[in-house]
Amino acid sequence: MEKNRQKKIAGVLQKDLAEILQHAAQDSMKGVIISVTNVKVTTDLSLAKVYISVFPQLKRAIILEGIIANAGSIKHELAKRTRDQLRRMPELNFYIDDTLDYIEGIDNAIQGKLDNPITDPDILDKRHKR
């Protein structure tokens, strides 16, 4: 269960990371939208798991690689923005948020576009908690 401090820090990180990533996407990649959908911070505040959503989906693997490659500069920019709120910047781990894909798969199956997961639950991909 997340404590209030974790939630507050996660909210600050999410807001500032969204601005940083969207600004970077505006400068170098026209037509790409990057959203920070969730941030989870560990209890000791040393690690932040950042979940991002990228539109169009075809570019998400490339963009995730770019974000991971530039994680140091992203962390530095984030530290400058939050220096009055955080003493120590958590390590950032980035992941693709696949929630919309999962929901779309279920929706398509229920609408009959795919096999029905209600009659055969084994057809759904098993989601792994990160």
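Val39 and Leu86 fall within a single hydrophobic cluster, where Ile, Leu, Val, Met, Phe, Trp and Tyr are joined by side-chain heavy atoms under 4.5 Å apart, directly or via other members. Linking Ile, Leu, Val, Met, Phe, Trp and Tyr residues whenever their side-chain heavy atoms come within less than 4.5 Å places Ile68 and Val32 in a single cluster. Transitive grouping of hydrophobic side chains (ILVMFWY, heavy atoms separated by less than 4.5 Å) brings Val50 and Ile96 into a common cluster.
Note that NZ of Lys40 is 6.0 Å distant from OH of Tyr51, once rounded to the nearest 0.5 Å. Within the model, atoms CD of Glu77 and CG of Asn70 stand 12.5 Å from one another, a figure rounded to the nearest 0.5 Å. Expressed to the nearest 0.5 Å, how far OG1 of Thr42 lies from CD of Glu91 amounts to 10.5 Å. Between Lys59 atom NZ and Leu64 atom CG the span is 15.5 Å, to the nearest 0.5 Å. In this structure, Ile63 CD1 and Gln57 CD are separated by 11.5 Å, a value rounded to the nearest 0.5 Å. Taking CG of Asn38 as the start and CD1 of Ile52 as the end, the distance is 12.5 Å to the nearest 0.5 Å.
In this structure, the side chains of Leu13 and Asp16 stay at 4.5 Å or more apart for every pair of heavy atoms. Inter-residue side-chain proximity for Ser46 and Arg88 is flagged as met; some heavy-atom pair is nearer than 4.5 Å. With a 4.5 Å cut-off on side-chain heavy atoms, His23 and Glu19 do not count as touching. Side-chain contact between Leu45 and Pro90 is absent, with no heavy-atom pair separated by less than 4.5 Å. Within the 4.5 Å cutoff, no side-chain heavy atoms of Thr99 are placed close to those of Thr37. Counting heavy atoms from C-beta outward, Ile67 and Ile74 have side chains that approach closer than 4.5 Å.
A distance-only check finds a donor-acceptor pair linking the side chain of Gln6 to the backbone of Val41 [under 3.5 Å]. Formation of a donor-acceptor pair under 3.5 Å by the Gln14 side chain with backbone atoms of Val36 is found in this model. Not one N or O on the side chain of Arg81 forms a donor-acceptor pair closer than 3.5 Å with the backbone of Leu78.
For Lys75, the NZ atom sits in a packed shell: over 12 heavy atoms of surrounding residues, nucleotides or ligands are nearer than 6.0 Å.
With sequence neighbours excluded, no residue forms a side chain to side chain donor-acceptor pair (under 3.5 Å) with Gln22.
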